[in-house]
A.B. asks: 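Encoded as structure tokens, here's the structure I'll be asking about.
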Amino acid sequence: MDRSFYLKDTLQIAKDLLGKYLVHESSEGRTVGRIVETEGYLGVEDPASHAYEGKRTERTEDQYRSGGHAYVYLIYGMYHCFNVVTRGEDEPESVFVRALEPIEGKELMKERRGLKEASGKKILELTDGPGKLCMAMGIDEEDSGKDLCGDELYIVWPSREEDLDIQTGKRINIDYSREAKKWPWRYYIEDNEYVSRKDR
DNA sequence: CTCACGATTAGA
DNA sequence: CTAATCGTGAGA
């Protein structure tokens with residue numbers, strides 16, 4: 001995906017990223033996951049965003065880069081969250097990737113997730129949540145700020161395109177954000193079993 | 001320096 | 001439902 005893809009409207013990108021493939025070429029091997037659930041975070045006007053009212057700190061600095069960079073942070077002292085930065089430089093908006101469907105490198109994903117013997121139902125737990133997918137894909141704070149238009153961590157179109165049944169809902173776990181928790185900026189592929197929460 | 005707080009997850 | 005777990009950043 002080239003730079004221009006990431007400079008558009010954030011909610012449009014949140015929708016457009018569904019069905020695309022996130023690829024990570026790491027020293028341990030290559031993993032690929034199909035994006036099935038996203039949320040838009042609209043920067044200065046969004047009480048749920050780390051950049052609300054222009055708040056800018058060392059931790060959130062990468063969100064101020066131009067569209068097409070990664071913004072990764074640690075949450076609850078133990079999990080990582082992966083975001084795709086959108087819009088131009090100093091427009092701190094992003095798309096939070098909440099779930100993937102494993103496509104390639106499933107053995108490596110199982111190892112990283114500590115589910116070596118996993119099969120059947122357990123395979124669903126590889127990437128069905130923001131912290132889980134970072135673990136499975138080997139994404140951590142080292143990856144924050146990386147250019148997604150590069151050749152290490154990037155996003156591509158699937159070989160064959162398909163029609164997706166896209167659903168919308170409220171974003172998850174942002175109770176601290178007052179009225180913003182009602183805004184329907186979460187997108188997911190209907191009936192996809194890797195979506196993190198099936199409830200509304 | 002202190003301390004409250006998470007864009008989560010696993011497990012009871 | 002709650003505990004786990006710790007870097008960050010606001011405030012003293």
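Below, read A as the first sequence line, B as the second, and so on, with proteins coming before strands; counting in each chain starts at 1. These values consider heavy atoms only, across backbone and side chains, with no hydrogens, waters or symmetry-generated copies.
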A.B. asks: Roughly, in whole Å, what's the span from NZ in A:Lys132 to P in B:dT8?
C.D. replies: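 Whole-Å distance recorded here is 12 Å.
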A.B. asks: Select from A:Glu125 and A:Tyr176 the residue whose nearest nucleotide in DNA chain B is closer to the 5' end of that strand.
C.D. replies: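 Its nucleotide being nearer the 5' end, the pick is A:Tyr176.
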A.B. asks: Side-chain N or O of A:Asn173 less than 4.0 angstrom from OP1 or OP2 on B:dT8?
C.D. replies: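 The answer is yes; a side-chain N or O of A:Asn173 sits under 4.0 Å from OP1 or OP2.
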A.B. asks: How long is the line joining OH of A:Tyr73 and P of C:dT5, in whole Å?
C.D. replies: 20 Å
A.B. asks: It should be established whether A:Arg113 places a side-chain nitrogen or oxygen under 4.0 Å from OP1 or OP2 of nucleotide B:dA10.
C.D. replies: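 Checking A:Arg113 against B:dA10: at least one side-chain N or O falls below 4.0 Å of OP1 or OP2.
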A.B. asks: Measure CG/A:Leu115 against P/B:dG11 and give the value in whole Å, please.
C.D. replies: 9 Å
A.B. asks: Could you tell me the separation between the OH atom of A:Tyr52 and the P atom of C:dG9, rounded to a whole number of Å?
C.D. replies: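 One finds 19 Å between P of C:dG9 and OH of A:Tyr52, rounded.
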A.B. asks: Rounded to whole angstroms, how far apart are OH on A:Tyr41 and P on B:dG6?
C.D. replies: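 Those two atoms, OH and P, are 12 Å apart.
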A.B. asks: Expressed as a whole number of angstroms, how long is the span from A:Arg197:CZ to B:dA7:P?
C.D. replies: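 Whole-Å distance recorded here is 13 Å.
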A.B. asks: Does this structure show an ion pair linking A:Asp90 with A:Arg65, if we count only N-O contacts that are shorter than 4.0 Å?
C.D. replies: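 Not counted as a salt bridge, because no side-chain N and carboxylate O are separated by less than 4.0 Å.
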A.B. asks: For A:Gly77, answer base if it contacts any base atom (sugar-phosphate contacts may also be present), sugar-phosphate if it contacts only those atoms, and nothing otherwise; contact means non-hydrogen atoms under 4.0 Å.
C.D. replies: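 The answer is base, as A:Gly77 lies within the cut-off (heavy atoms under 4.0 Å) of a base atom.
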A.B. asks: Taking A:Glu25 first and then A:Arg30, would you say they form a salt bridge - that is, a charged N and a carboxylate O separated by under 4.0 Å?
C.D. replies: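 So A:Glu25 pairs with A:Arg30 through a salt bridge.
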A.B. asks: CD of A:Glu141 versus P of C:dC6: gap in Å, rounded?
C.D. replies: 13 Å
A.B. asks: Taking the six-membered ring for Trp, are A:His24 and A:Tyr154 ring centroids under 6.0 Å apart?
C.D. replies: no
A.B. asks: Across the strands shown, which category fits A:Arg98 at heavy-atom distances under 4.0 angstrom: base, sugar-phosphate, nothing?
C.D. replies: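 Sugar-phosphate, no base atom in range.
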A.B. asks: Side chain of A:Tyr79: nearest nucleotide among C:dG7, C:dA10, B:dT8?
C.D. replies: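 The answer is B:dT8, which lies nearest to the side chain.
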A.B. asks: Can A:Tyr76 be classed as stacking with the base of B:dT8, given a centroid separation cut-off of 5.5 Å and a plane angle cut-off of 30°?
C.D. replies: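 Given the distance and angle limits, yes, they stack.
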A.B. asks: With A:Tyr73, which of A:Thr60, A:Asn83, A:Asp62 fulfils side chain to side chain contact (heavy atoms under 4.5 Å, CB included)?
C.D. replies: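 Single side chain to side chain contact (heavy atoms under 4.5 Å, CB included) partner of A:Tyr73 among A:Thr60, A:Asn83, A:Asp62: A:Asn83.
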A.B. asks: Starting at the 5' end of DNA chain C, what dot-bracket string do you get if Watson-Crick and G-U pairs under 3.5 Å are bracketed, crossing pairs use [ ], other-strand pairs use | and unpaired bases use dots?
C.D. replies: ||||.||||||.
A.B. asks: Check the distance between C:dC6's P and A:Arg59's CZ and give it to me in whole angstrom.
C.D. replies: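 Rounded to the whole Å, the gap is 16 Å.
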A.B. asks: Mind checking side chain to side chain donor-acceptor pair (under 3.5 Å) for A:Glu141 and listing every partner two or more places apart, or none if nothing turns up?
C.D. replies: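 A:Glu141 satisfies side chain to side chain donor-acceptor pair (under 3.5 Å) with no other residue.
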A.B. asks: Is it true that the NZ or CZ of A:Arg186 lies under 6.0 Å from the centre of A:Tyr188's six-membered ring and within 45 degrees of the ring axis?
C.D. replies: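 Yes, A:Arg186 lies over the aromatic ring of A:Tyr188.
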A.B. asks: Using the salt bridge (charged side-chain N to carboxylate O under 4.0 Å, His left out) rule, take A:Arg197 and A:Glu39 through it: C-alpha gap first, then chi angles, then the decisive distance, then the call.
C.D. replies: CA-CA 13 Å; A:Arg197 299 197 189 181; A:Glu39 287 178 352; over 6 Å; no
A.B. asks: Would you kindly say whether A:Arg112 and A:Ser26 are connected by a side-chain donor-acceptor distance under 3.5 Å?
C.D. replies: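 A:Ser26 and A:Arg112 do have a side-chain donor-acceptor pair below 3.5 Å.
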A.B. asks: Can you tell me which nucleotide in B:dA7, B:dT9, C:dA10 comes closest to the side chain of A:Lys55?
C.D. replies: C:dA10
A.B. asks: Check whether any side-chain N or O of A:Lys181 sits under 4.0 Å from OP1 or OP2 of B:dA7, and answer yes or no.
C.D. replies: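 No, no such contact exists.
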A.B. asks: Does B:dA7 have OP1 or OP2 sitting under 4.0 Å from an N or O in the side chain of A:Arg186?
C.D. replies: no
